[in-house]
Structure formats: C-alpha cells, structure tokens
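In this text, all values refer to a predicted model and were calculated from it rather than measured experimentally.
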Amino acid sequence: MKKILLSASIIAFLVSCSASKISPNSDPNIDYAEKYAATITEKDLAKHLFIYASDEFEGRETGKTGQKKAAAYLNKFYVDHGIASPLGGDDYYQEVPASFLNQGRSSDLKDSENVVAFIKGSKKPDEIVVISAHLDHVGIKNGETYNGADDDGSGTVAVLEIAEAFQKAVKDGKRPKRSILFLHVTGEEKGLLGSSFYVQHPIFPIANTVADLNIDMIGRIDERHKDNPNFVYLIGADKLSTELHELSEAMNAKYTKIDLDYKYNDENDPNRFYYRSDHYNFAKYNVPIIFYFNGAHEDYHQPTDTPDKINYDLLQNRARLVFHTAWEIANRENRLVVDKP
C-alpha cells in the first residue's frame with residue numbers, strides 16, 4: 001500500500017485533539033504528552049534489553065525456566081515502580097494453564113502466564129486502552145540461545161518504558177482519563193496463545209476495551225529501509241476505526257515524524273502480518289488495533305538476534321510514538337468509533 005499522505009481532515013483533527021486541552025491546574029506552557037514521552041530514553045531501553053535478551057533468560061521459551069525468569073523480571077519492574085496489578089496485591093500473573101496451551105495440539109507445553117499491570121483512569125476508568133507485547137521467544141536450539149532481542153525484547157522493554165512514563169504522569173497529578181492495561185502475553189511464538197487466552201478470559205470486558213496498541217519488533221531496520229531508517233510499519237490502524245488511523249497520523253506528525261510505512265497493511269500482501277501477532281486476537285472482537293513492526297531481517301528467529309544489534313535511537317522514537325498515541329486515546333473526550341466492523 002502506498003504511503004498515505006496527511007489530508008486536510010487529519011490536519012483539522014490534529015488542531016482539535018482533545019488531549020491538548022489544558023486542565024485548570026495545568027501549566028498552559030507545558031505540553032505534558034511531550035514531557036512524559038521524553039522520559040522514554042535510549043539508555044533505559046538498552047539497560048532493560050541487555051538483561052531481558054541475555055543468555056540468563058534462555059530464549060524465553062513458553063513455560064520453561066527462562067520464560068519464568070522473564071516474567072519475574074517484568075513483575076519486579078512493576079512492583080518497583082509502584083504500578084498496580086489489575087488482579088490485586090502483588091499478583092501480576094494471569095495464569096495460562098497447560099490445558100489451554102496444548103488444546104488441539106500435539107505439543108507438551110507447561111503452565112505459563114501473561115504479565116499484567118494497570119493504571120486506573122481518572123474519569124473513564126471502565127474504558128481500557130491495552131498496550132501489548134509478547135514476552136516469549138523460541139528458547140534454545142542445538143545448544144544455541146535464541147535471545148530474541150528484537151523479537152520481541154524490543155516491544156517488551158518499550159511497554160515497560162511507556163508504563164513508567166504514564167506512571168510519572170500519575171505522580172505529577174496527570175492521571176489519564178481512561179485506564180491503561182500493560183499486557184505482556186506468553187505463547188505468541190506457539191500460535192498467539194497468550195493473547196487468545198486473554199480475550200477469552202479478559203480481566204476487563206472486551207466490550208470496554210477501547211484499543212490495543214501491539215508492539216512486536218521495533219528495534220531494527222529491514223532491507224527496504226536501509227537508506228531511510230527513520231520508519232516503522234503500521235498495520236491495521238484503519239481496518240476497524242477511521243478515527244484511530246487519523247489519530248495515529250496526527251500524533252506522528254506533531255511529535256515523532258517517523259516515516260509510517262503501510263506496505264504490510266495491504267490485504268493482498270502475501271506475508272499476512274496482520275494475522276500474525278497478538279493484536280489480531282483483539283481485532284477479532286472488533287477492538288481497534290495498531291501493530292507496530294520494523295519488518296523481518298537477517299537475524300529474525302536466529303541466535304544472532306542480540307541486543308547489541310538494536311538501533312536504540314529508533315527504538316526510542318518508535319516507543320514514543322506508541323506513547324503519544326496511547327496518551328491521546330486515553331485522554332480524548334470520546335472513545336474511538338468502530339466504523340468498519
């Protein structure tokens with residue numbers, strides 16, 4: 001699909017974005033979205049990813065020791081940053097039983113878990129914005145550890161940094177109007193299993209889920225963009241909600257100025273990426289989604305997908321785009337309209 005140019009309607013939308021309205025106790029000279037997005041940094045992303053995609057986590061294969069260590073790392077992050085669990089107390093695990101993971105399959109997967117954290121909205125707490133990434137990878141094969149730094153360590157650490165940015169806003173009295181669910185799903189590499197479990201056993205009603213912003217590989221450059229690295233593929237933004245697509249374009253035009261590539265949004269694209277990551281399980285329930293993706297590269301599903309190869313400046317800017325989009329969705333007056341069911 002050819003790159004979609006900004007239209008007059010999008011520019012008008014940008015001017016009228018509800019999140020830009022300043023509350024009475026706010027400084028009108030401060031753009032709070034920009035302020036908190038700036039806390040998402042290359043340094044912090046790298047700090048997390050060099051741990052999360054290290055050999056210690058043994059390739060994070062679903063249900064195995066390394067994946068359990070990864071889940072524990074995420075749990076500790078949310079506890080340390082005072083970001084609550086939607087399940088109550090210190091329980092950040094939505095248990096995904098082996099019976100679910102193995103149904104209709106010849107596999108022998110062990111019990112696993114999604115990791116969930118939550119910021120309650122101030123004015124529309126029952127409306128939920130989901131920000132998701134898969135926490136698993138493919139494990140160890142023939143003695144080699146598949147660290148999955150890009151797939152999907154990059155998305156995982158982006159969610160952590162986005163969550164921390166929202167939490168800093170909360171501490172400053174800038175709690176989002178809608179609630180935010182930070183959802184790290186297991187079993188993506190086994191067939192989108194953790195997200196399938198979530199939508200079938202949602203913590204919050206799917207009918208109250210406003211959008212899912214799903215991040216799966218945003219730390220690298222593919223061959224198509226070797227001469228223009230400031231890009232990201234967006235998939236699915238316009239498939240259910242015209243408003244979501246326009247909002248996404250407006251936030252990028254205002255803040256991050258990334259080349260938004262819609263090549264894989266084409267229904268006729270043979271890769272069919274729209275159907276291949278966790279957002280699709282939400283889309284099946286008519287929840288508007290965006291899938292953020294940097295495309296495949298030579299280290300995809302190879303033991304060479306390591307954190308030293310990540311482009312951290314690009315990861316930072318792409319994560320900020322997701323934050324800005326989530327901030328606007330969470331703070332606008334009306335929830336997104338689904339006009340393409």
Side-chain angles (χ1 to χ4, degrees), residues 74 86 94 96 114-119 121 124-136 152 154-156 158-160 162-163 166 176-188 191-218 232-249 251 260 264-265 273-293 318-319 321-332 334-341:
L74 302 177
Q94 182 189 37
V96 184
N114 296 328
V115 179
V116 289
F118 181 66
I119 290 176
K124 300 175 183 288
D126 294 333
E127 295 185 14
I128 313 297
V129 180
V130 176
I131 304 175
S132 63
H134 70 89
L135 62 85
D136 63 309
D152 185 27
S154 62
T156 299
V159 173
L160 296 183
I162 292 166
F166 270 106
K177 292 179 182 178
R178 291 178 176 82
S179 298
I180 315 285
L181 178 68
F182 305 99
L183 174 63
H184 302 267
V185 292
T186 190
E188 190 272 353
L192 314 185
L193 299 179
S195 55
S196 179
F197 184 84
Y198 180 84
V199 298
Q200 292 180 52
H201 306 85
I203 297 171
F204 303 101
I206 292 296
N208 292 358
T209 304
V210 174
D212 172 43
L213 305 181
N214 183 52
I215 314 170
D216 192 350
M217 298 174 57
I218 59 165
V232 69
Y233 292 107
L234 291 194
I235 303 171
D238 64 346
K239 292 193 182 300
L240 292 168
S241 173
T242 302
E243 282 188 333
L244 178 58
H245 170 74
E246 293 184 350
L247 183 155
S248 168
E249 285 269 335
M251 293 302 99
L260 304 181
Y264 296 127
N265 197 50
F273 286 125
Y274 177 64
Y275 305 94
R276 291 173 53 184
S277 192
D278 295 294
H279 59 276
Y280 183 60
N281 281 318
F282 286 90
K284 288 192 294 186
Y285 284 81
N286 269 355
V287 175
I289 66 91
I290 302 178
F291 173 22
Y292 300 86
F293 179 51
R318 292 161 176 170
L321 172 60
V322 181
F323 172 83
H324 281 297
T325 305
W327 179 278
E328 176 62 26
I329 295 169
N331 286 298
R332 70 202 304 264
N334 299 315
R335 68 178 287 174
L336 294 167
V337 174
V338 178
D339 58 353
K340 298 180 180 181

Legend entry - Non-neighbouring partners of K239 that pass salt bridge (Lys or Arg N to Asp or Glu O under 4.0 Å), sequence neighbours left out: E267
Legend entry - Spacing of I289 atom CD1 and Y292 atom OH [to the nearest 0.5 Å]: 9.5 Å
Legend entry - side-chain contact (heavy atoms from CB on, under 4.5 Å) involving P202 - partner list, sequence neighbours excluded: Y198, I206
Inset, instruction - Measure the shortest side-chain to side-chain distance between L336 and I329 over non-hydrogen atoms and say whether it is less than 4.5 angstrom. - result: yes
Legend entry - Shortest non-hydrogen contact from A133 toward D152: CB-OD2, 3.4 Å
Legend entry - Heavy-atom donor-acceptor pair, E328 side chain to S248 backbone, under 3.5 Å: no
Legend entry - Worked check of side chain to side chain contact (heavy atoms under 4.5 Å, CB included) between T186 and V115: CA-CA 8 Å; T186 190; V115 179; over 6 Å; no
Legend entry - Heavy-atom pair with the smallest gap, counting every atom of A330 and P176: CB-CB, 4.0 Å
Legend entry - Smallest separation among heavy atoms of A158 and I218, with atom names: CB-CD1, 4.0 Å
Inset, instruction - Check whether any side-chain N or O of N208 sits under 3.5 Å from a backbone N or O of I128 as a donor-acceptor pair, and report yes or no. - result: no
Legend entry - Residues in side-chain hydrogen bond (donor to acceptor under 3.5 Å, both in side chains) contact with K284, at least two apart in sequence or another chain: N281
Legend entry - Donor-acceptor contact present, side-chain K340 to main-chain D238, <3.5 Å: yes
Inset, instruction - Check whether any side-chain heavy atom of L213 lies under 4.5 Å from a side-chain heavy atom of V130, and answer yes or no. - result: no
Inset, instruction - State, with a plain yes or no, whether a side-chain heavy atom of L74 is found less than 4.5 Å away from one of V159. - result: no
Inset, instruction - Determine, step by step, whether T242 and E246 satisfy the side chain to side chain donor-acceptor pair (under 3.5 Å) criterion, reporting the C-alpha distance in whole Å, the side-chain angles of both residues, the deciding distance to 0.1 Å, and the verdict. - result: CA-CA 6 Å; T242 302; E246 293 184 350; over 6 Å; no
Legend entry - Within-4.5 Å side-chain heavy-atom neighbours: H184 and L160: yes
Inset, instruction - Evaluate the side chain to side chain contact (heavy atoms under 4.5 Å, CB included) criterion for residues L135 and V185: first the C-alpha distance (whole Å), next the side-chain angles of each, then the deciding distance (0.1 Å), finally the verdict. - result: CA-CA 6 Å; L135 62 85; V185 292; over 6 Å; no
Legend entry - Shortest non-hydrogen contact between L234 and N265, atoms and distance: O-CB, 3.9 Å
Legend entry - A163 versus I119, closest heavy-atom pair with distance: O-CD1, 4.1 Å
Legend entry - Expected output: side-chain S241 to main-chain P288 donor-acceptor under 3.5 Å: no
Legend entry - Contacts of Y285 that satisfy side-chain hydrogen bond (donor to acceptor under 3.5 Å, both in side chains) - sequence neighbours left out: none
Legend entry - Spacing of L181 atom CG and I131 atom CD1 [to the nearest 0.5 Å]: 9.0 Å
Legend entry - Partners meeting side-chain contact (heavy atoms from CB on, under 4.5 Å) with A117 (sequence neighbours left out): Y78, I83, Y92, F182
Legend entry - Sequence-distant partners of Y274, ring pair (Phe, Tyr, Trp, His ring centres under 6.0 Å), two or more places apart: H279, Y280
Legend entry - Considering all heavy atoms, the nearest F282-L183 contact: CZ-CD2, 3.7 Å
Inset, instruction - Please round to the nearest 0.5 Å and tell me the distance separating atom CG of L321 and atom CG of L260. - result: 6.5 Å
Legend entry - Reported NZ-to-OG distance for the pair K124 and S179, which is rounded to 0.5 angstrom: 11.5 Å
Legend entry - Summary of side-chain hydrogen bond (donor to acceptor under 3.5 Å, both in side chains) pairs that have at least one residue in residues 125-135, sequence neighbours excluded: E127-R178, S132-D212, S132-N214, H134-D136, H134-D151, H134-E188, H134-D216
Inset, instruction - Output all residues satisfying side-chain hydrogen bond (donor to acceptor under 3.5 Å, both in side chains) with T325, sequence neighbours left out; order by chain, then residue number. - result: none
Inset, instruction - Under the ring pair (Phe, Tyr, Trp, His ring centres under 6.0 Å) rule, collect the residues that match up with H324, sequence neighbours excluded. - result: Y255
Legend entry - Results of side-chain hydrogen bond (donor to acceptor under 3.5 Å, both in side chains) for T209 - residues two or more places apart only: none
Legend entry - F323 ring center within less than 6.0 Å of F166 ring center: yes
Inset, instruction - For residues V322 and R318, determine if any side-chain heavy atom of one lies less than 4.5 Å from a side-chain heavy atom of the other. - result: no
Legend entry - Within the 6.0 Å centroid threshold, strictly below: F291 and F273: no
Inset, instruction - Walk me through it: do F118 and F204 pass the test ring pair (Phe, Tyr, Trp, His ring centres under 6.0 Å)? - result: CA-CA 11 Å; F118 181 66; F204 303 101; 4.8 Å; yes
Inset, instruction - Taking the side chain as every heavy atom from C-beta outward, state whether L247 and R332 have any atom pair closer than 4.5 Å. - result: yes
Inset, instruction - Output yes when a side-chain donor or acceptor of N331 lies under 3.5 Å from a complementary backbone atom of K177, and no otherwise. - result: yes
